[in-house]
2 protein chains.
Amino acid sequence: MAVTIKDVAKRAQVAPSTVSRVIADHPKITQETKEKVRKVMQELGYHPNLLARKLVTQSSQTIGIIRKTSSKRSLSDPFFPVALQGMSDLLHEKKYSVLMTCGESDEEIYHEVVNMVQGKSVDGMIMLYSQDNDPVLQLLLEQDFPFVMIGRPTDHIDKVMYVDNDNVKAARDITDYLIRAGHEYIAYVGGDPRFEVHKDREQGYKQALKLADIQSELLFRKEISRDSARETVAEILEMNPRPTAIVTTDELMGMSLLSALYERGIRVPDEMAITTFMDSMLSELSSPPMTTVDIHAFQLGFEAAKTLVDLLEKPDMMKRNILVPTSIVVRESCRKNKTNGAMI
Amino acid sequence: MAVTIKDVAKRAQVAPSTVSRVIADHPKITQETKEKVRKVMQELGYHPNLLARKLVTQSSQTIGIIRKTSSKRSLSDPFFPVALQGMSDLLHEKKYSVLMTCGESDEEIYHEVVNMVQGKSVDGMIMLYSQDNDPVLQLLLEQDFPFVMIGRPTDHIDKVMYVDNDNVKAARDITDYLIRAGHEYIAYVGGDPRFEVHKDREQGYKQALKLADIQSELLFRKEISRDSARETVAEILEMNPRPTAIVTTDELMGMSLLSALYERGIRVPDEMAITTFMDSMLSELSSPPMTTVDIHAFQLGFEAAKTLVDLLEKPDMMKRNILVPTSIVVRESCRKNKTNGAMI
DNA sequence: ATAAGAAAGTATATCGTTTTCAAAAGAAAA
DNA sequence: TTTTCTTTTGAAAACGATATACTTTCTTAT
């Protein structure tokens with residue numbers, strides 16, 4: 001059996017409570033006794049049992065991360081590791097630990113969250129997605145449990161703190177960028193609009209078109225996969241008039257489309273421009289390198305963690321939401337403006 | 001304050017111990033009382049406090065994951081998320097939770113591990129790297145703490161269970177593949193040989209050359225970065241005779257080299273063949289798509305977790321190490337054999 | 001010299017479970 | 001009816017810390 005606070009106390013000839021105070025570096029303990037106790041702790045190789053501490057202090061110094069992992073996708077999703085790194089960085093600095101959900105199905109995830117929340121295993125949670133009508137969100141709200149969402153919530157928007165990009169603006173900007181580069185027929189390929197992020201980006205795309213007085217909304221909502229990319233490319237190429245640019249809102253989707261275009265012998269950017277979201281290594285190293293919207297995933301994670309920690313430290317803090325600005329990273333998957341030769 | 005087992009007991013007019021037994025579905029409790037108690041648990045919305053349970057049972061049903069995260073690199077490291085998914089899948093199935101280190105420096109990581117281990121926060125650990133003279137490894141061995149390593153340990157190899165590829169063979173195979181494709185001057189660009197994995201791959205490369213009676217070992221050991229890739233490419237191109245192929249052991253490094261080659265106008269695979277390790281989306285989508293060694297990262301993670309769980313369930317199990325086979329994924333970054341025109 | 005007040009340390013209750021051992025209740029045997 | 005043996009439940013002691021409230025000791029002021 002491991003050495004406990006009592007063993008230390010006995011050996012140092014003080015009470016357990018004194019040892020506890022020494023650990024906490026309580027001011028009411030003499031330097032002298034502190035040193036005596038510390039010496040004994042050293043000798044015995046004592047280390048406090050965190051479980052016991054957590055139980056009595058009713059706080060775990062741990063935060064839970066809820067993520068959706070459709071195994072298929074998450075294996076190559078560039079967003080998660082970067083956001084995780086952002087959260088980790090802050091949480092580590094603030095001395096929090098990180099506990100993660102592993103479940104795949106909605107029910108499994110829900111169960112894990114119940115366990116973490118009700119089982120008192122975590123002090124707060126970060127949700128890495130925002131979804132329509134989500135029982136997990138429901139639960140957290142019901143329990144009045146501290147959490148921060150990455151992404152804008154669909155429901156109860158006035159009750160949840162979130163960190164997000166301005167996805168409407170981001171999509172508007174990148175679409176506008178294409179329009180100003182001379183494109184008129186611009187296809188939009190986005191994901192499942194049950195996720196708020198996709199809804200927003202779709203809207204941004206539409207706004208940009210409207211502002212430029214372009215009528216033709218060319219919307220595609222697709223699963224991410226090699227095959228669906230081929231189909232989509234086929235559909236796009238058959239349109240009349242044929243689009244000259246594609247806006248995608250998902251990096252993997254963008255990459256798949258790019259290779260589907262390549263397979264069809266379509267030159268990018270000459271015959272077809274294409275842009276995507278996220279800006280990971282993937283975009284940087286593709287050929288041609290992709291012009292993307294950098295959503296600053298690291299910062300999203302970092303700010304979410306920061307907000308959560310703030311909330312835990314002052315539970316009555318004013319609700320605040322954070323918008324992380326996006327920026328367009330210009331690479332070579334879009335042509336320069338043909339009409340005036342200027343680089344945009 | 002949350003509802004506890006005592007509240008349930010009182011309301012159901014039984015003793016707390018009975019409630020505890022109902023939770024555990026103990027056979028010695030009548031169906032009748034079970035139902036009565038369960039009903040009350042429902043009514044009160046009771047959920048057991050896992051911290052308390054962990055404290056008394058001395059087991060956390062949680063495993064810790066130790067990873068090295070030089071922020072720079074880990075942001076785009078394709079290995080980690082895939083291996084994590086593999087571990088998650090198994091751990092979730094076995095009802096374990098996942099706690100992760102967040103630290104960057106060796107000292108921070110060491111500290112976190114001490115906390116997890118001595119603080120009794122985890123039942124076992126998985127180390128995601130193997131490094132020379134590692135204090136973390138030292139600690140785990142000293143404490144006789146259950147853990148599994150992904151990668152072959154440098155020291156104490158007879159005392160640690162590990163899951164790994166046969167990296168010597170893998171590197172030998174891919175080098176051999178290039179040799180059989182007609183290459184003779186093959187450069188090797190690998191990582192820091194303080195990490196066992198790089199040592200092994202270096203050795204595999206050398207073995208292949210020796211077996212083919214090729215004298216010229218062209219070794220480069222480089223940090224992974226855009227700039228060092230440019231330098232390395234410059235050095236390689238200046239050699240006389242100039243190598244016609246490059247073996248890299250790191251996907252990011254491989255990608256960087258590929259774009260450095262592109263910048264220099266060197267055509268791949270015609271003027272220079274290149275291969276890499278890991279096989280993520282990056283290799284699939286690069287252009288040309290990369291011929292790589294698939295190390296089956298998912299399986300590495302999965303097997304590591306499986307081994308650890310087995311160990312926890314039967315602490316006296318026979319030590320076993322697992323080698324996950326690698327396979328070569330042929331794509332387009334290597335030329336077909338010129339000498340006989342056959343595809344290899 | 002005595003009272004009051006501060007300083008340093010201790011005793012004890014508590015956190016919410018599980019588990020061991022004993023007790024009660026019911027059934028079977030004498 | 002009494003005794004014995006099961007079967008089911010309960011009381012109390014852990015688990016290893018923290019925190020509250022109290023005691024003792026030492027200053028300082030009166």
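Nothing here was measured: the structure is a model prediction, and the numbers come from that model. So you know, we letter chains A, B, ... as the sequences are listed, proteins then strands, and number each from 1.
- Among the heavy atoms of the strands lying under 4.0 Å from B/I29 are primed sugar atoms or P, OP1, OP2 only; no base atom is included.
- A cation-pi geometry, defined here as NZ or CZ lying under 6.0 Å from the six-membered ring centre and within 45° of its normal, holds between A/R67 and A/F80.
- With 3.5 Å as the limit, one finds a donor-acceptor pair spanning the side chains of A/N115 and B/H47.
- For D/dG10, neither phosphate oxygen OP1 nor OP2 lies less than 4.0 angstrom from any side-chain nitrogen or oxygen of B/S17.
- Taking atom CG of B/L50 as the reference point, atom C1' of C/dT18 lies 13 Å away to the nearest angstrom.
- Between the NE2 atom of A/H26 and the C1' atom of C/dA7 there is a distance of 11 Å, given to the nearest Å.
- A donor-acceptor contact closer than 3.5 angstrom links the side chains of A/K68 and A/Q131.
- Distance alone, capped at 3.5 Å, places no donor-acceptor pair between the B/T101 side chain and the B/I109 backbone.
- Proximity note for A/I5 (side chain, C-beta onward) versus D/dG10, D/dT18, C/dT17: the nearest is D/dT18.
- Backbone-only contact: B/H47 has heavy atoms under 4.0 Å from sugar-phosphate atoms and none from a base.
- One interatomic measurement links the two molecules: CE of A/M41 to P of D/dA17, which rounds to 11 Å at whole-angstrom precision.
- Side-chain proximity of A/T33 to the nucleotides C/dC15, C/dG9, C/dG16 is greatest for C/dG9.
- Proximity of A/Q58 to the phosphate of C/dG16: a side-chain N or O atom is located under 4.0 Å from OP1 or OP2.
- Looking at heavy-atom distances under 4.0 Å, B/S20 makes contact with a base.
- At a threshold of 4.0 angstrom between heavy atoms, the contacts of A/T30 are confined to the sugar-phosphate backbone, with no base atom among them.
- A/K28 has its NZ atom 10 Å from the P atom of C/dA6, to the nearest Å.
- Closest-nucleotide positions on DNA chain D for B/P16 and A/T18 were compared, and the one nearer the 5' end corresponds to B/P16.
- For a distance-only test at 3.5 Å, the side chain of B/R21 fails to qualify as a donor-acceptor partner of the base of D/dT8.
- With contacts defined as side-chain heavy-atom distances shorter than 4.5 Å, the pair A/H92/B/M100 does not qualify.
- Ranked by how close their nearest DNA chain C nucleotide is to the 5' end, A/A15 and B/A52 are led by A/A15.
- Within the nucleic acid shown, A/L55 comes within 4.0 Å of at least one base atom, counting heavy atoms only.
- Atom CG in B/L51 sits roughly 22 Å away from atom P in D/dA14 (whole-Å rounding).
- A/K10 has its NZ atom 14 Å from the P atom of C/dT10, to the nearest Å.
- For the residue pair A/K94 and A/Q61, no side-chain donor N or O sits within less than 3.5 Å of a side-chain acceptor on the partner.
- If you check every strand for non-hydrogen atoms under 4.0 Å, A/V19 touches nothing.
- Within the nucleic acid shown, B/K6 comes within 4.0 Å of at least one base atom, counting heavy atoms only.
- Going from atom CG of B/D7 over to atom C1' of C/dT14 covers 15 Å, rounded to whole Å.
- Distance, A/I23 CD1 to D/dA17 C1': 8 Å, rounded to whole Å.
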